[in-house]
There are 2 protein chains.
Amino acid sequence: MRYFVAVAEELHFGRAAQRLGMAQPPLSRAISRLERRLGAKLLDRTSRAVALTEAGSVLLREARAALDAVEAAEQRTRRAALAATGRPGVVLATKAGSSGELLAKLLDTYAAEPDAVAVDLLLCGVGEQERMLRDGRADVALLHLPFDSTAGFDTEELQTESQVVVVPSGHGLTARDQVRMADISELAGLPVARWRHRDGTYPDGPGPEVRDQAQLYQLVALGRACCVVPESVRTQLREDLTAVPVLDAPPVTTVIAWPPHSRSGAVAGLVRAATRLCPS
Amino acid sequence: MRYFVAVAEELHFGRAAQRLGMAQPPLSRAISRLERRLGAKLLDRTSRAVALTEAGSVLLREARAALDAVEAAEQRTRRAALAATGRPGVVLATKAGSSGELLAKLLDTYAAEPDAVAVDLLLCGVGEQERMLRDGRADVALLHLPFDSTAGFDTEELQTESQVVVVPSGHGLTARDQVRMADISELAGLPVARWRHRDGTYPDGPGPEVRDQAQLYQLVALGRACCVVPESVRTQLREDLTAVPVLDAPPVTTVIAWPPHSRSGAVAGLVRAATRLCPS
DNA sequence: GGCAGCGATACCGCAGGGGTATCGATCCCG
DNA sequence: CGGGATCGATACCCCTGCGGTATCGCTGCC
């Protein structure tokens, strides 16, 4: 299945084989074996191009989930063994620089519980928390709707906030105390930066492409772009940047999420602390 | 992992090996290999008994999920291939004899959609739908809260109904037009039948053990037991049985559930039909 | 103390997965 | 329109790793 995912993503046997650290012929054979075993044609291949069939794209999705589940089983078992012998701990994945205040309060509240264990923070890039939770590198995560997908997780809503547009401090837009989405590009005279997707591609648009927050704020400070972010990051803005509320930006909801069959008391404790902090 | 799950369930290498159709020594070695690979002790074994460690029980849970995911990937791919070449179809798992009317209306409503495909019904025993959905034998299922677990699925609530107690038609209880849970055993003079759990064990209690509905209703008709069931089964009761509403029984909610990353248009259509039928 | 039950170890055989060399088809370019 | 380049499939070989049989060693129990 790992082999198939690699081929399906590359759509090229040679490159997939390279990525898997093996030669191309055994990979070809492995895929045909898989096709025979499943009784399904997974790839349409001519000697020039490879394309996914309907069944192939189903398998791509399902196989990713299955591989994540296997990976998660290994990771969680390893951590359970560590926790049993050494110091117990729970891994919380969160987006670096988001919901800072909420996170601090959450950690404080949880630490005050009688049976609290150490919380290891896993600071992730944009949208990485989801993967961390799916493949077992994290036990629990703070996700941000509507950006992250909570499909397949148990969740609890924590807070909802509106968004602000960030521009250089001297910028004319800072005179206004609110704007609308439609007005931003024209009023600011700045394109909205484009975040990199998880697969390495970028959305279409005029703005510059950014990979992380350092890049983003640098570009904004240089007057090359602006960005729309949740209100709570205002408290951590650089001095040379200013935020203006956006009236009609989609509200951002922070949720705490965990794998549905999690039996860990530590995860339950964190969730309890979080809901006590943010009674819905 | 299949090996480990077998051993963890049997807690006996010999029986597990037999179940897996292999000899005991290679199984022993496979488990120690797994322990070395994960760097975790999974089983405490003396020459007389085998017990799960903390890490072992984590792996048992995770490995079951992972194996289900792999199985689901294979099943769904096979069905996708069939659907592409032959007649497309979607598999709906439902508990035999439950929500009969709702099911009929759902099928009718969906069939009226322009792009409806064939719906294959998978009639399951008590609580089996969940497994069918998890391991890919079904694409979508009707589940009944609070009996089934929807953990890890996307769901949509369809209807909530109260429960009734079923007794033989001539029984004295039928004179009353309602009862309370606490009164049932004493008023009816009948113990409540005990359903078999998925793992083959039975809950504690005085009532007889039953495995399916034929058994159950036979026992009730013979005056050996009674049972509490959702109101909607009243329409399908045998003539020799009568139902009396139970005031304080937990309400039963029927939900339609599907795997969270399902991209199938047929599943979406069924869900749409269901929600149109039962606007929440 | 002997025996029965059970998991671990030792040793063997083979199937299956991976490697190299090469083929055959398709597209591109002059 | 033909030759080379690209890419997946096939042929053949090797070796690792998994499973089987035989046996050991430990532990309770009668």
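Chain naming here is simple, since letters A, B, ... match the order of the sequence lines and numbering starts at 1 in each. Only a predicted model underlies this, so the values are computations on that prediction, with no experimental measurement involved.
- A heavy-atom distance below 4.0 Å to DNA chain C is reached by these residues of residues 30-40 of chain A, ordered by number: Arg33(A).
- Partners of Glu130(A) according to the salt bridge (charged side-chain N to carboxylate O under 4.0 Å, His left out) rule, which considers only residues two or more places apart in sequence or in another chain, are Arg134(A).
- For Gln18(B), there are no side chain to side chain contact (heavy atoms under 4.5 Å, CB included) partners at least two apart in sequence or on another chain.
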Taking N or O atoms only and anything under 3.5 Å, show me the protein contacts with nucleotides 26-30 of chain C, one pair per line.
unit_1: dT26(C); atom_1: O4'; unit_2: Ser47(A); atom_2: OG; d: 2.9
unit_1: dC27(C); atom_1: O4'; unit_2: Arg48(A); atom_2: NE; d: 3.4

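- Residue Arg29(B) contributes atom CZ, which lies 16 Å from atom C1' of dC6(C) at whole-angstrom precision.
- You'll find the side chain of Met132(A) stays beyond 4.5 Å of the side chain of Val91(A), heavy atoms only.
- Residues forming a salt bridge (charged side-chain N to carboxylate O under 4.0 Å, His left out) with Asp154(A) (at least two apart in sequence, or on another chain): none.
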For residues 118-125 of chain A, please give each side-chain donor-acceptor pair under 3.5 Å, one per line with the distance, not counting sequence neighbours.
unit_1: Asp120(A); atom_1: OD1; unit_2: Arg87(A); atom_2: NH2; d: 2.8
unit_1: Asp120(A); atom_1: OD2; unit_2: Arg87(A); atom_2: NH2; d: 3.3

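- Few gaps surround CD on Gln215(A); more than 12 heavy atoms of other groups in view lie less than 6.0 Å from it.
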Per-pair distances, 0.1 Å, donor-acceptor, side chain in residues 202-211 of chain A, under 3.5 Å, sequence neighbours excluded:
none

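- Comparing Tyr3(A) and Pro25(A) by the nucleotide of DNA chain C whose heavy atom lies nearest to each, the residue mapping closer to the 5' end is Tyr3(A).
- Residue pairs satisfying the salt bridge (Lys or Arg N to Asp or Glu O under 4.0 Å) criterion with at least one member in residues 21-38 of chain B, sequence neighbours excluded, are listed as follows: Glu74(A)-Arg37(B), Glu35(B)-Arg45(B).
- Of the residues in residues 9-21 of chain B, those placing a heavy atom less than 4.0 Å from an atom of DNA chain C are His12(B), Phe13(B), Gly14(B), in numerical order.
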Using atom types as modelled, flag every donor-acceptor pair under 3.5 Å from a side chain in residues 257-264 of chain B to any protein atom, sequence neighbours excluded.
unit_1: Ser264(B); atom_1: OG; unit_2: Ala266(B); atom_2: N; d: 3.2
unit_1: Ser264(B); atom_1: OG; unit_2: Val267(B); atom_2: N; d: 3.1

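- Here the range on DNA chain D touched by chain B, meaning any atom under 4.0 Å from one of its heavy atoms, is dC18(D) to dG28(D).
- Side-chain contact check for Glu113(A) versus Arg272(A): some heavy-atom pair is nearer than 4.5 Å.
- By the 4.0 Å N-to-carboxylate-O rule, Lys95(B) lies too far from Asp148(B) to be salt-bridged with it.
- Using a 4.0 Å cut-off between charged side-chain N and carboxylate O, Arg64(A) and Glu9(A) make a salt bridge.
- Scanning for side-chain hydrogen bond (donor to acceptor under 3.5 Å, both in side chains) contacts around Asp44(A) gives Lys41(A), with sequence neighbours left out.
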